[in-house]
Every structure is written in C-alpha cells, then in structure tokens.
Amino acid sequence: MPEVQVTLPDGTTRVFPEGVTPLEVGESISPRLAAACLAAKVDGRLVDVYVPLHRDAKVELVTDRSADALSVYRHSCAHLLANAVKELYPEAKIAIGPVIENGFYYDFDRTAPFTPEELGAIEGRMNDIIARDTPIRREEMPWEQAKALFDAEQEPYKSELAFERGQNEPVSIYRQGAFNDFCRGPHLPSTGKIKPGTFKLLSVAGAYWKGDEHNKMLQRIYATAFLAKKDLEEHLRRLEEAKLRDHRKLGKELKLFHIDEEVGQGLILWTPAGATIRQELQTFISEELGKQGYAQVFTPHIGKLTLYKTSGHFPYYKDSQFPAIVAPESMDVALEENCSCAELMSRVEAASARLAASVNERAGREVIGAGQIMADDKLLDGFLLKPMNCPHHIKLFASQPHSYRDLPVRLAEFGTVYRWEQSGELNGMTRVRGFTQDDAHLFCTEDQVGAEVRGCLALVKIIFRTLGLADYRVRVGLRDPDSQKYTGTSDNWDKAEAACREAAQTLGVPFTEEPGEAAFYGPKIDFIIKDVIGREWQLGTVQVDYNLPIRFDLTYTGADNTAHRPVMIHRAPFGSMERFVGILIEHFKGAFPLWLAPEQVRLLPIADRHVAYCEAVAGELRAAGLRVSVDARTEKTGYKIREAQLQKVPYMLVAGDREQESSSVSMRTRTGGDKGVMPVEAFKLLALERTRARSLELE
RNA sequence: GCCGACGUAGCUCAGCUGGUAGAGCAACUGAUUCGUAAUCAGUAGGUCCGCGGUUCGAUUCCGCGCGUCGGCUCCA
C-alpha cells in the first residue's frame with residue numbers, strides 16, 4: 001500500500017497509508033486533539049479535516065487556538081444560519097453568505113421581511129441543528145451536476161453561481177443533512193463543533209443581488225460569532241460602548257451641532273460650541289498654510305452653469321448636484337405650475353436641447369453639441385450651487401498671465417460646497433449635503449508635481465499628528481482600466497499615477513493601490529479613517545490633475561518663452577470641516593484637547609460669597625485669551641463638578657475662602673481629578689502654554 | 001434612490017389587545033451657603049412627526065408623506 005509522509009508543526013514526521021485524513025493524523029496523536037480539530041492546514045492551505053492526503057505534506061491541525069480557526073468557524077455559522085432559515089422558511093431562497101470583518105452574513109430572497117422575533121426563532125433552530133451534530137461534508141463534482149442539483153432544489157441564485165464560477169473547473173458543494181450549499185470551504189467537521197452562545201444574529205438589511213442596484217433586493221441577516229462565549233460578550237460590550245461616543249449622540253449632549261428638519265436634511269447648523277472647535281481648527285490650518293507658501297482666497301457659493309460645463313461637472317454629475325438656480329421669471333412659472341426642483345432641472349435641459357437644435361438648424365450644421373448649455377437664453381441663464389471649488393480657483397489663476405517663475409501658485413480657501421447626496425446616505429456630520437472643504441489648488445510645472453504632492457502629504461501628516469490620529473490607512477486611487485468615466489490621455493494618467501505612487505512611498509506609512517478609486521480627472525491619495533462602528537470615511541485627500549488645465553486651457557510662459565500647460569493638484573487635509581469634526585468628536589469621545597475645547601476653564605465658587613472672586617479670576621483668564629465660564633449657581637461643589645465633568649470641561653477651578661485669601665485656585669483636571677491649590681498666575685501660564693502648544697495633555 | 005426598523009415633554013424612555021398620556025434628568029420658583037462626580041420641596045412643560053382613512057371614539061389599526069437609524073447602491 002502506498003504511503004505518505006506527514007510533517008507536523010514541531011518538525012517530527014510520521015508515515016501513514018495514502019488517503020489518510022488530517023483527522024486521522026490527529027487521532028494518531030491524541031483523541032483529545034482529534035476532538036478539538038476544526039480544520040487543517042495542508043502545506044499551508046486551509047482544508048477540511050476529511051480531505052485525504054495523497055502526497056507527502058506538512059500538516060497542521062487547526063483548533064480553536066489557531067488564528068485560522070475563526071474564519072472557518074464563522075463560515076460554518078453562516079451555513080448553519082442558512083440551514084436554519086431553510087428549515088423554518090422553506091420558501092426562502094439562499095444567495096451568498098460570506099465571512100466579513102467582524103462576523104458574517106447570509107443573503108436570502110424571501111417575500112416577507114425577517115422580523116426581530118423571527119431572528120430569535122432562527123437562533124433557536126440553529127441551536128437545534130447544533131444539538132443534532134450533523135456531519136458537514138464536502139463533495140466535488142462537475143459544475144453541470146451542481147447546477148442541476150440546485151435547479152432541482154429550486155435555488156436559482158446557487159444555480160447561477162455554479163454556472164458562472166464553475167465553467168472551467170470542478171466545483172465543490174457542502175452538505176449538512178438535507179441542506180446543500182455551493183461553497184469553496186473549508187468547514188467544520190460537523191454542526192456540533194459550533195458552541196451555543198458563541199454566535200448572535202444582529203440585524204436585517206436590504207442588499208442587492210451581486211451588489212448591483214439593477215438586481216433584485218435581497219434580505220441580508222448580519223451576525224457575528226466567536227470561538228469563545230466570552231469573546232462574543234466582549235464584542236457586544238464594545239459595540240455598546242461605541243454607541244456612547246457616536247458623534248451624533250455626543251453632538252447633541254455637548255451641543256456641538258444641530259440638524260433641523262425644516263432647514264433641510266444633511267445641512268449642519270454649528271452651535272457656538274461647535275463653531276469654536278471649527279474656528280480653532282481653521283486657525284491651526286491657516287498657520288500651516290502660511291508656513292507652506294499658500295495664499296488664501298475667497299470665492300462665492302455659486303457659479304454659472306457654463307462654468308461647470310467647461311469643467312465637466314455638469315451635466316456629468318447632474319444627479320448629485322442641487323438643481324440649478326434659474327432666473328426669477330422661470331421660477332414664477334415653475335411655482336404656478338407647482339413643479340418640483342427635479343422637474344425644473346429637466347426643463348432647463350430640455351430647453352437647452354431645443355435651443356441648440358434650432359440654432360443648429362439655422363446654421364445648417366451642428367454648432368452646439370448635445371447637453372451644451374445656452375447661456376444667452378433667460379431660462380438657461382442659471383447658476384449652480386458649487387459642488388467643488390476648483391473651477392473658481394482655476395478662474396482666479398487664469399485671470400492673470402503666469403511665468404514659470406511664479407509657480408507653484410497655491411490658492412487655498414475654506415470653500416463651502418453643496419452636493420445632492422442620496423437621502424439614504426446622509427449620516428450625522430460625516431455625510432452631508434453642504435460642507436466646507438479646507439480646499440486648495442496648486443498650479444505647478446510638471447517637474448514640480450512630485451515635490452508639491454510630497455508637501456501636501458507632509459501637511460496632512462502634521463495635522464494628523466497634532467490631533468493624535470494614528471489609526472488611519474492610506475489609499476492610492478488609480479483609474480480602472482476597463483472604465484470609460486475618466487477624462488484625459490492615458491499618457492498623462494500614467495504620469496500622474498506615477499507621481500502619486502512615488503509620493504506615497506515617501507510617506508513612511510503603508511498604503512494600498514486601488515484601481516477604480518481615482519477621481520474622474522486624476523489619481524489621488526486618500527487618508528481614510530474608521531468611525532465608532534467601523535465604517536470607513538475618507539478625510540484628507542491629494543489629487544493630481546492633468547485634465548482640468550486642459551479643459552480650461554490654462555497656460556504659463558516657460559523659460560523658452562512659449563506657452564506650457566500647468567499641472568493642478570487638488571488637496572484637502574481635513575477633507576471637510578463637517579466630517580472631520582464628526583470624526584474628531586468620536587476620536588476624543590467628546591473630550592477635546594484644551595486648544596479645541598469650546599469651554600476651557602470653569603470656575604466653581606464654593607459659596608455665593610466667592611462668586612465675585614471667581615468672576616475676577618475669570619476676567620483675568622479671558623483677557624489672556626482663554627475661554628472661561630463661572631458656575632455661579634447656588635449648588636453644592638460636588639454637583640457643579642459632576643456637571644463640568646460630564647460636559648468634559650478640561651480644567652475646573654474650585655475657589656473658596658482659602659483660595660480667595662491667597663489669590664489662588666484649586667485646580668481639577670477632567671482626566672486627573674484634584675490637583676491641589678496653585679496661584680492664579682501659575683495656572684494662567686500653564687493653560688496658555690498648553691493651548692499654544694496644541695497639547696493633547698492637560699497635566 | 002432601494003430594503004427594513006423606528007418617530008411620545010428640551011434629553012433619555014414607559015404607555016398589554018383602540019377609551020385624548022406618564023417617569024427620571026434638564027428648565028423655572030422657593031428653601032439650603034455647601035470643599036472635588038447628583039441637597040430638598042414645589043411649578044410649569046405634549047398638535048403623542050404631518051395629512052388622510054377605518055371607528056361612536058385613534059398615540060394605538062390602515063394608507064400616503066416627512067424625518068431618523070441599520071444596511072445596499074452611490075460618493076467629483
């Protein structure tokens with residue numbers, strides 16, 4: 001009988017008959033190991049414990065102590081979930097059920113929605129199937145056979161997958177009892193290996209089949225699972241904790257911003273406290289801009305439709321812009337006819353097309369292209385709320401002749417833009433319809449691109465470091481070679497992509513290159529950060545653009561006295577003030593560092609007779625530039641401290657008879673409690689120094 | 001935009017199967033003058049998201065709209 005040699009992780013080798021399974025290898029070592037065995041690694045590849053060995057191999061048994069165990073465990077939980085759903089609701093069709101970052105999900109097609117009660121019932125049935133300890137077995141077959149199997153079971157989604165993915169190679173299915181799934185595997189040996197209480201169904205959501213909005217919407221059950229019950233409990237506890245620092249909750253509690261239905265969804269109203277944070281951030285960034293040779297500019301909130309026609313934003317991004325602002329007469333007509341904004345928009349377009357057609361007819365040839373805007377017609381003399389700042393900055397650049405000696409020109413503006421985000425996308429401060437970018441556009445020669453991009457990245461790093469934002473990732477967004485949505489020549493794209501890649505390499509931070517993530521006009525480098533519930537948000541961005549300079553025919557005079565095309569760089573280290581502050585609220589759990597704290601110091605008089613002294617101290621601190629208040633209410637000190645603490649005021653200064661006599665205060669920090677008595681002057685210097693240094697520490 | 005859940009006082013939330021609403025905190029008034037995370041008492045506060053429908057009667061049931069939340073899709 002042929003034999004195979006098995007090498008174990010400790011380096012020892014054993015000989016077995018050919019066809020031995022990893023499980024049998026485990027049994028030969030110890031029955032306990034075999035019982036604990038969830039999967040196996042054969043020559044580094046994760047497989048089922050039942051897969052026979054036909055060659056010499058390195059074999060590692062995967063138990064719940066292995067790093068690889070969790071994804072197998074979760075994947076088998078996903079099958080268990082689908083198995084339970086099919087038993088309870090045979091009419092439901094199964095789609096896909098992969099493992100994701102913190103758990104897994106399974107998509108079903110079923111007419112009735114899954115209710116919370118049903119999720120409980122499904123969990124119960126999952127436990128039943130665990131109790132049966134049904135073996136889970138892999139079976140390989142030609143794709144035609146798998147398709148026939150799922151056709152017979154009336155599982156159209158599985159049938160489709162077998163057809164699509166199988167064509168070139170045999171496919172595998174997994175069986176557990178009467179339940180079959182089209183799946184690559186591997187899986188646990190049996191349903192009994194899943195421990196009750198280690199998984200939890202979390203929520204139901206809609207999801208398009210294959211992620212395509214033209215396809216049917218399925219019902220997705222999100223769930224999570226861990227190898228140990230305590231890990232699941234810990235995970236659920238962290239989810240609860242995360243909710244407490246959600247910027248929407250803290251923003252309300254700390255009165256940082258307000259969104260009002262009547263003003264409009266996705267439009268942020270900054271309270272005085274929130275505005276203070278924003279203003280401090282803007283001051284900070286303005287200082288850095290000054291150091292880096294930027295010039296600050298101001299431009300209006302609207303621009304003519306023709307401007308955005310030239311830039312390519314309109315009508316390309318028509319669906320994500322607010323409807324055009326049209327002449328008052330047109331608005332009167334629209335109001336009389338009670339037509340919606342969207343309708344008004346389509347009228348603008350229709351009228352544009354009609355006019356173009358008539359002009360073309362008169363000229364006997366096409367002089368005005370489809371979608372082109374006629375600016376001399378009243379109806380069409382419209383404006384757009386600006387979706388981006390670049391066209392305005394480009395016009396500033398173009399308003400004067402430039403020599404190569406002027407370059408780079410760096411124009412910066414806290415520019416407010418408006419975008420018609422889909423209603424389902426809006427989210428607190430992180431996804432809004434009106435926001436202010438800490439925007440700038442750099443106009444430079446081709447030779448300067450690399451240095452300028454590196455300068456932008458350095459700025460982002462300074463900002464992130466100052467705020468202690470360390471947990472971010474960097475993405476270099478490249479064009480998708482199969483897509484037509486980009487403008488510009490592939491030659492220029494290659495140059496721009498190379499510039500981004502090279503600049504990213506100088507960052508000293510790992511980055512990923514992602515095709516398809518570029519802007520329509522050029523590649524970009526994005527800084528991405530996660531919110532409290534794990535959603536990723538793009539903050540800072542640096543984008544290289546060879547295309548808008550062409551569309552606007554920008555030139556500068558070179559040393560050779562001929563016209564050259566400048567290259568543009570778009571960059572925004574915060575991204576938008578709204579999103580950035582939203583993320584900062586969560587990052588700091590609402591406890592902003594001293595320099596950003598809306599209220600930096602609160603004086604707490606012990607009794608009414610100390611109020612005048614506290615007011616005097618407060619006046620002195622305010623004169624020095626600190627943001628100070630006095631809690632003059634007739635309340636006990638403990639009560640005032642508790643309130644200041646909950647409002648996350650960095651410094652609380654308690655003052656009674658002792659302090660009044662010695663011109664001192666008793667300092668308490670938000671983080672460290674009672675720090676004892678110190679002279680007012682000493683506190684003032686301490687607080688000013690920490691503010692000036694933009695320190696993250698209070699003590 | 002799509003699927004689902006939700007919408008009650010400034011905030012956090014109760015309110016079983018239909019009979020026009022409550023608590024805690026906050027606010028206001030009074031008493032208390034207090035030393036490092038909640039003093040006591042009282043008062044006031046609601047178009048139960050909006051509009052229709054069913055019903056003798058709707059916060060409750062149904063429909064539509066608006067908004068929020070979780071996803072999906074999108075994100076210049």
Side-chain angles (χ1 to χ4, degrees), chain A residues 105 107 110 112-116 202-222 243 246 248-249 252-253 255 259-262 264-266 308 311-314 316-317 319-321 386-391 417 419-428 430-433 437 485-487 517-522 524 526 533 535 537-538 541 543 545 547-548 570 575 579 604-611 633-647 652-659 666-670 672-677:
Chain A
Y105 67 78
D107 284 350
R110 177 183 178 228
F114 288 109
T115 64
L202 297 172
S203 62
V204 182
Y208 299 107
W209 167 236
K210 290 182 181 169
D212 186 333
E213 64 177 323
H214 303 293
N215 287 339
K216 182 161 188 184
M217 181 158 276
L218 309 175
Q219 289 190 66
R220 174 171 299 176
I221 297 179
Y222 277 97
K243 276 189 205 157
D246 189 309
R248 293 165 297 192
K249 181 176 165 65
K252 201 180 278 183
E253 284 173 6
K255 297 187 174 62
I259 300 172
D260 194 281
E261 275 190 33
E262 203 171 353
Q265 46 178 174
Y308 298 101
S311 72
H313 293 111
F314 186 90
Y316 191 85
Y317 283 104
D319 292 341
S320 42
Q321 290 160 355
K386 66 179 177 186
M388 294 191 84
N389 299 304
C390 23
V417 298
R419 298 178 189 176
W420 186 260
E421 304 288 0
Q422 297 186 73
S423 61
E425 286 306 332
L426 299 173
N427 184 279
T430 47
R431 191 78 184 264
V432 293
R433 284 183 171 165
Q437 298 177 309
K485 78 168 194 174
Y486 306 100
T487 67
E517 292 295 332
F520 79 94
Y521 50 72
K524 55 181 185 166
D526 294 326
I533 55 177
R535 288 182 293 209
W537 299 99
Q538 178 195 308
T541 181
Q543 310 177 353
D545 180 3
N547 293 306
L548 284 178
H570 310 239
R579 178 176 292 178
L604 310 178
I606 297 279
D608 290 351
R609 65 179 178 280
H610 309 119
V611 169
R633 293 175 303 176
T634 306
E635 293 287 352
K636 286 162 68 167
T637 308
Y639 180 88
K640 293 181 184 178
I641 285 171
R642 177 183 156 79
E643 209 151 88
Q645 198 73 41
L646 290 175
Q647 288 164 23
M652 288 153 261
L653 302 181
V654 179
D657 294 332
R658 294 201 294 271
E659 289 77 10
S666 173
M667 182 176 87
R668 184 191 163 90
T669 66
R670 171 179 71 195
D674 188 358
K675 292 288 148 193
V677 176

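Numbers restart at 1 for each chain; the letters A, B, ... are given by sequence-line order, proteins then strands. Excluded from the calculations below are hydrogen atoms, water molecules and symmetry mates; all remaining heavy atoms, backbone and side chain alike, are included.
Contacts of A:R579 with the nucleic acid, taken as non-hydrogen atoms under 4.0 Å apart, are absent.
Taking atom P in both B:C69 and B:A27, one finds a spacing of 27 Å when rounded to whole Å.
RNA chain B is contacted by both A:F114 and A:D319; A:F114 maps to the nucleotide lying nearer its 5′ end (nearest heavy atom per residue). Along RNA chain B, the nucleotide nearest A:M388 and the nucleotide nearest A:P113 are compared for position; the residue whose nucleotide lies closer to the 5' end is A:P113.
Ion pair A:K210/A:D212 not flagged as a salt bridge, since none of the NZ, NE, NH1 or NH2 atoms sits closer than 4.0 Å to an Asp/Glu carboxylate oxygen.
Taking only side-chain nitrogens and oxygens, A:R535 comes nearer than 4.0 Å to OP1 or OP2 of B:G71. Side-chain N/O atoms of A:Y222 include one lying less than 4.0 angstrom from OP1 or OP2 on B:C72. Taking 4.0 angstrom as the limit, A:N215 places none of its side-chain polar atoms (N or O) nearer than this to OP1 or OP2 of B:C2.
Taking both residues in full, the closest heavy atoms of A:R110 and A:Q219 are given as O-NE2, 3.1 Å, listed atom of the first, atom of the second, then distance.
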At under 4.0 Å between heavy atoms, how does the protein contact nucleotides 27-43 of chain B? Give one character per nucleotide, 5' to 3', with B, S or -. S----BBBBBBBB----
Nucleotide N/O of nucleotides 62-68 of chain B paired with protein N/O under 3.5 Å:
| from | atom 1 | to | atom 2 | distance (Å) |
| --- | --- | --- | --- | --- |
| B:G67 | OP1 | A:Q265 | OE1 | 2.9 |
| B:G67 | O2' | A:E261 | OE2 | 3.3 |
| B:U68 | OP2 | A:Q265 | NE2 | 2.6 |

What N/O pairs connect the protein and nucleotides 11-13 of chain B at under 3.5 Å? Give each pair on its own line.
none

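Applying the ring-ring contact (aromatic ring centres under 6.0 Å, His included) criterion to A:Y208, with sequence neighbours excluded, gives no partner residue. Listed by chain and residue number, A:R609 satisfy the salt bridge (charged side-chain N to carboxylate O under 4.0 Å, His left out) test with A:D657 (two or more places apart in sequence, or in another chain). The side-chain hydrogen bond (donor to acceptor under 3.5 Å, both in side chains) test applied to A:S423 returns no partner, not counting sequence neighbours.
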